[in-house]
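The structure appears right after this line, and notes come after that.
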Amino acid sequence: MYFKKVEEFGNLEMCYISDFSGGYISRNRKLLEKLSLTPLTQFVLEKSVFGTPIFKLGSGRNKVLILSGIHGNELSPQIANVMLLNELVDKDLTHTLYFIPFASPKSTMNNERTFNSMDLNRSAHISNSLSNLIIRAIDEIGIDFVGDFHSTGLNSNPGFESIFSSKSPCPESFLIANYISQDVGSEMIAFDYAGSTYKGAVEDVCNLKEVPAITGEVLCPFGNVASGSVEKSFSQMKSFLSYFGI
């Protein structure tokens, strides 16, 4: 993958995961009204029209990915991811951070869970699905750790604030999740083996490839932004980075 430097934002670089998933995210009024429309945020929204952008900050040591928007109607983590990118864009980082705030801009635009009727968190193992292209980018870039951030409704799975992980074949997934759980109070959900309950989650496919990954969930109605949910997702992301001393 070829990352191009974005001159107007210091050390920011970007490229695209796909060119068929773009959307006008600003049409999602529920999300837009909660975003702080800084120049960087507006840049991210503009680039998302043309596909799924991935942004890069820093260099050296671990390569860490912050991912959100696998389900387009889970708005709080996507807002939190943009907030985090804004916070870190001018920082001197000793690790290399990658951000995918909007995995499926088209889905976010439409405020819908699926992308072209496909659940991206059940299809990361399916060749050429959008989430599989994210997996391929993780492989190509050589990402060392992945945090995939979601929200959950009261009557859905899991239905409460939590951190998903697995103990095998990648035990560091469990260690990261335990750290975050202890740090921010999110309940920990640990499976004995990645992918044993269902197939195709980004977290599980990463762990099966022995790239340590976790999934963060905050409580928020689908398609809306509940009070405090953005801040809670943001705290999960910050805790994930804190595990690496960031």
Would a 4.5 Å heavy-atom cut-off, applied to side chains only, mark [X] and [Y] as touching?
X	Y	value
Tyr193	Ser168	yes
Glu13	Phe55	no
Ser129	Met118	yes
Asn121	Ser131	no
Cys170	Val211	no
Phe240	Phe149	yes
Met1	Ile141	yes
Asn116	Lys106	yes

Please name the pair of heavy atoms, one in [X] and one in [Y], separated by the smallest distance, quoted to 0.1 Å.
X	Y	result
Pro77	Met237	O-CE, 3.2 Å
Asn73	Phe222	ND2-CB, 3.5 Å
Thr108	Asn28	O-ND2, 2.7 Å
Ser229	Val218	O-CG2, 3.9 Å
Ser26	Leu32	O-CD2, 3.5 Å
Pro101	Pro53	CD-O, 4.4 Å

>> Go through it in stages, so that I can follow the logic: the residues are Ile66 and Leu241, the test is side chain to side chain contact (heavy atoms under 4.5 Å, CB included), and I'd like the CA-CA distance, side-chain angles, deciding distance and then a yes or no.
In response: CA-CA 9 Å; Ile66 304 287; Leu241 294 181; 3.9 Å; yes
Would you call the rings of [X] and [Y] parallel, tilted or perpendicular if under 30° counts as parallel and over 60° as perpendicular?
X	Y	result
His71	His150	perpendicular
Phe20	Phe115	tilted
Tyr198	Phe191	perpendicular

> Would the Phe244 and Phe145 ring centres measure less than 6.0 Å apart?
Replying inline: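 Ring-ring flag for Phe244/Phe145: true, centres closer than 6.0 Å.
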Given 3.5 Å as the limit, does a donor-acceptor pair link the side chain of [X] with the main chain of [Y], or not?
X	Y	result
Ser123	Asp119	yes
Ser165	Ile214	no
Asn132	Ala124	yes
Lys232	Val184	yes
Asn178	Phe174	no
Tyr98	Leu57	no
Thr38	Thr41	yes
Asp148	Thr215	no
Ser233	Val230	no
Lys91	Glu87	yes

> Would Lys209 and Ile138 satisfy side chain to side chain contact (heavy atoms under 4.5 Å, CB included), going step by step from the backbone distance to the final call?
Replying inline: CA-CA 10 Å; Lys209 289 175 169 287; Ile138 289 168; over 6 Å; no
Shared hydrophobic cluster, [X] / [Y] (ILVMFWY, side-chain heavy atoms < 4.5 Å):
X	Y	answer
Leu97	Phe234	yes
Val82	Val49	yes
Val146	Ile100	yes
Leu93	Met14	yes
Leu120	Met109	no

When you compare the side chains of [X] and [Y], does any donor N or O come within less than 3.5 Å of an acceptor on the partner?
X	Y	result
Arg136	Asn128	yes
Tyr24	Ser48	no
Ser21	Thr52	yes

> Does a sphere of radius 6.0 Å around CZ in Phe50 hold more than 12 heavy atoms from other residues, nucleotides or ligands, not counting ones at 6.0 Å or beyond?
Replying inline: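 No - once you tally the heavy atoms of other residues, nucleotides and ligands closer than 6.0 Å, there are 12 at most.
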>> Taking atom NZ as the centre, does Lys5 end up with more than 12 heavy-atom neighbours from other residues, nucleotides or ligands that are less than 6.0 angstrom away?
In response: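 For Lys5, atom NZ is crowded (more than 12 foreign heavy atoms under 6.0 Å).
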>> Does anything in residues 30-49 form a ring-ring contact (aromatic ring centres under 6.0 Å, His included)? List the pairs, not counting sequence neighbours.
In response: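 Only Phe9-Phe43 qualify under ring-ring contact (aromatic ring centres under 6.0 Å, His included).
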> With sequence neighbours left out, which residue pairs that include part of residues 57-82 fulfil the salt bridge (Lys or Arg N to Asp or Glu O under 4.0 Å) condition?
Replying inline: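 Matches after skipping sequence neighbours: Glu74-Arg113.
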>> Show, in sequence, the C-alpha distance, side-chain angles and deciding distance for Val202 and Leu67, and conclude whether the side chain to side chain contact (heavy atoms under 4.5 Å, CB included) test is met.
In response: CA-CA 10 Å; Val202 171; Leu67 171 65; 3.8 Å; yes
At what distance, to the nearest 0.5 angstrom, does [atom1] of [X] lie from [atom2] of [Y]?
X	Y	atom1	atom2	result
Glu140	Ile135	CD	CD1	13.5 Å
Ile79	Glu231	CD1	CD	9.5 Å
Ile17	Ser104	CD1	OG	12.5 Å
Leu35	Ile25	CG	CD1	8.5 Å

For residues 155-162, run the donor-acceptor check on the side chains, cut-off 3.5 Å, and write out each pair with its distance to 0.1 Å, sequence neighbours left out.
{"unit_1": "Ser156", "atom_1": "OG", "unit_2": "Thr152", "atom_2": "OG1", "d": "2.9"}
{"unit_1": "Ser156", "atom_1": "OG", "unit_2": "Gly153", "atom_2": "N", "d": "2.9"}
{"unit_1": "Ser156", "atom_1": "OG", "unit_2": "Gly153", "atom_2": "O", "d": "2.8"}
{"unit_1": "Glu161", "atom_1": "OE2", "unit_2": "Ser186", "atom_2": "OG", "d": "2.5"}
{"unit_1": "Ser162", "atom_1": "OG", "unit_2": "Phe160", "atom_2": "O", "d": "3.2"}

>> side chain to side chain contact (heavy atoms under 4.5 Å, CB included), that's the test. Do Leu88 and Phe99 meet it? Break it down for me.
In response: CA-CA 11 Å; Leu88 296 177; Phe99 302 80; 4.0 Å; yes
